[in-house]
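Note sheet for the following structure.
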Amino acid sequence: MRFDYLIAGGGLQAGLLVLALRHRQPTARIALIERAEKLGGNHTWSFHEADVPTTAWPVIQSLITASWPAYRVRFPGLQRIVRSPYHSILSDQFDAVIRVAVERQGSLLRQGAEVASLTVNRVTLTDGTEFNGRCVIDARGSTVVTEPCGWQTFLGLEVELDSPWPDELPTIMDATVPQDDGYRFVYVLPLSPTRVLIEETYFADSPTLNPDHLRERVGDYLRAAGFKTWRVLREESGVLPMPWSGRTPTPAAPLRTGAAGGWFHPATGYSFPVALRLALAVAAVEPEQATHAATSLARRLGWRLRFARSLNRLLFRAVRPANRWRVFRRLYRSLPDTTLARFYSLEFTAADAARILVGQPPPIDPIRLITRPEVWSCPPLPR
Ligand SMILES: Cc1cc2nc3c(=O)[nH]c(=O)nc-3n(C[C@H](O)[C@H](O)[C@H](O)COP(=O)(O)OP(=O)(O)OC[C@H]3O[C@@H](n4cnc5c(N)ncnc54)[C@H](O)[C@@H]3O)c2cc1C
């Protein structure tokens, strides 16, 4: 049997592709091959309202588990509510929605099946099974990182509390906690009055994650908020690269998508806005044109992806770890809600980029500037 699309991997990028294809090409024959028994792994994926182009809401609406009208940030000397809606997808819902979207006549969902190799038109599994198709899409997630980068490390506990969490809004950065191991903040998602995801996060120089230590710190945060007991429902953790050099996506067939293909926001670690745009671009053309569509998108996003990498270079190479939180406080103090929304969605303008760089200067360490010459390379401008 020949498919229109053969998708290797069943994570965030693959799921968004399936939904976009079902929207634009409802009769497309899709084969999705995932090595785990569940699609989407164990994640909470969050995104900002502006990450979704207006016309794309019908594509992703069914994935959303929780929504809030705004979010908070907290720093020493600054508390702010950003009036921009925020949404989260939990992987159980993701699994249920994508499963239904794939399973149509002429399409195929294979779980517990490992892809061994793929070419422009063929996917081969480790058991020797071969599938042929008009377009092969590699969505197998992250690979070994070889380029120099900083790291976003985090561990979150979803907990059930005896009494309601005191805030109905999410806090996407609470940096009032003691700073160590780079920029440290706590991320809080109140999923229901008594069910909360609390995540210890670091923008660190090393990818080392110490789960016991981070679990303890989540406990400390709950105790500081006045809770004595809680029940842990779920745990998730991640180590994401925050690159400051290397290449932005260079599409070629078979099309490498998702985090492994460089389709993520380098300065935030969020994949959703970029993965969604790629899914929409690919679904808008015939299977044979997928690489061409991805190339056009990579060109459109190119300077913004490079600019975001330059910000990482400044953050990780020119600012002392203990001072990194000041960079974020400065951004949240000076940027209006609309600029922040465009920054997160990678739709910022050249004027936004200038505004991010100028104003009160970031706490750059002059010694670091002299001893690390690569910091001097100029942030790219739109072409
Ligand atoms: C815990 C966590 C939370 C995150 N939260 C957010 C967030 O809130 N917002 C956001 O935008 N980003 C978030 N990210 C970052 C980013 O969104 C994720 O890394 C995202 O899942 C990347 O999507 P992907 O499709 O490229 O890879 P993945 O979602 O990792 O999917 C890859 C899939 O391919 C499968 N696979 C791999 N190899 C094979 C093979 N050989 N054969 C078959 N299947 C294979 C894997 O099992 C997996 O299901 C988070 C990351 C983590 C780890």
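For ligands, and for the atoms within them, numbers begin at 1 and follow the listed sequence. In this text, all values refer to a predicted model and were calculated from it rather than measured experimentally.
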Quick check: [Y] with [X] (ring centres under 6.0 Å apart)?
{"X": "Phe348", "Y": "Trp303", "value": "yes"}
{"X": "Phe203", "Y": "Phe328", "value": "yes"}
{"X": "His48", "Y": "Phe272", "value": "no"}
{"X": "Tyr187", "Y": "Phe154", "value": "no"}
{"X": "Phe47", "Y": "Tyr344", "value": "no"}
{"X": "Phe227", "Y": "Trp165", "value": "yes"}

Closer than 4.0 angstrom, basic N to acidic O: yes or no for [X] and [Y]?
{"X": "Arg234", "Y": "Asp92", "answer": "no"}
{"X": "Arg215", "Y": "Asp212", "answer": "yes"}
{"X": "Asp167", "Y": "Arg74", "answer": "yes"}

Tell me which protein heavy atom sits closest to [atom], plus the residue, atom name and distance to 0.1 Å.
{"atom": "atom 45 (C) of ligand 1", "answer": "Arg35 CG, 3.8 Å"}
{"atom": "atom 34 (O) of ligand 1", "answer": "Gly9 CA, 3.3 Å"}
{"atom": "atom 22 (C) of ligand 1", "answer": "Ser271 OG, 3.7 Å"}
{"atom": "atom 9 (N) of ligand 1", "answer": "Ser46 O, 3.0 Å"}
{"atom": "atom 27 (O) of ligand 1", "answer": "Gly141 CA, 3.4 Å"}
{"atom": "atom 28 (P) of ligand 1", "answer": "Gly11 CA, 4.0 Å"}
{"atom": "atom 42 (N) of ligand 1", "answer": "Val115 N, 2.9 Å"}
{"atom": "atom 37 (C) of ligand 1", "answer": "Arg140 O, 3.3 Å"}

Between ligand 1 and [X], can you find any atom pair, the residue atom being a heavy atom, that is separated by under 4.0 Å?
{"X": "Gly41", "result": "no"}
{"X": "Trp45", "result": "yes"}
{"X": "Ala139", "result": "yes"}
{"X": "Phe154", "result": "yes"}

Minimum distance, heavy atoms only, to [atom]: which one of [options] is it?
{"atom": "atom 47 (O) of ligand 1", "options": "Glu34, Gln13, Gln152", "value": "Glu34"}
{"atom": "atom 51 (C) of ligand 1", "options": "His43, His87, His265, Glu114", "value": "His43"}
{"atom": "atom 23 (O) of ligand 1", "options": "Ile172, Leu12, Val123, Leu118", "value": "Leu12"}

Does any N/O atom on Pro273 come nearer than 3.5 Å to any N/O atom on ligand 1?
no

Any nitrogen or oxygen of Ala259, side chain or backbone, less than 3.5 Å from one on ligand 1?
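Between Ala259 and ligand 1, an N or O pair is found under 3.5 Å apart.
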
Numbered atoms of ligand 1 (with element) below 4.0 Å of [X], judged on heavy atoms:
{"X": "Gly258", "result": "26 (O)"}
{"X": "Thr44", "result": "3 (C), 4 (C), 5 (N), 6 (C), 7 (C), 8 (O)"}
{"X": "Gly269", "result": "12 (N), 15 (C)"}

Would you say Ser91's side chain and Gly41's backbone share a donor-acceptor pair under 3.5 angstrom?
yes

Gln25 side chain to His23 backbone, donor-acceptor under 3.5 Å:
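Absent.
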
Please work out, at 4.0 Å between heavy atoms, whether the side chain, the backbone, both, or neither of [X] comes within that distance of ligand 1.
{"X": "Ala116", "value": "neither"}
{"X": "Ser237", "value": "backbone"}
{"X": "Leu240", "value": "side chain"}

Relative to the ring of His43, is the ring of Trp45 parallel (under 30°), tilted (30 to 60°) or perpendicular (over 60°)?
parallel

Of the options Arg99, Lys38, Glu37, which is the one that meets Gln111 in a side chain to side chain donor-acceptor pair (under 3.5 Å)?
Arg99

For the student: nearest non-hydrogen atoms of Trp263 and Leu297, plus distance
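Closest pair (atom of Trp263, atom of Leu297, distance): CZ3-CD2, 3.7 Å.
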
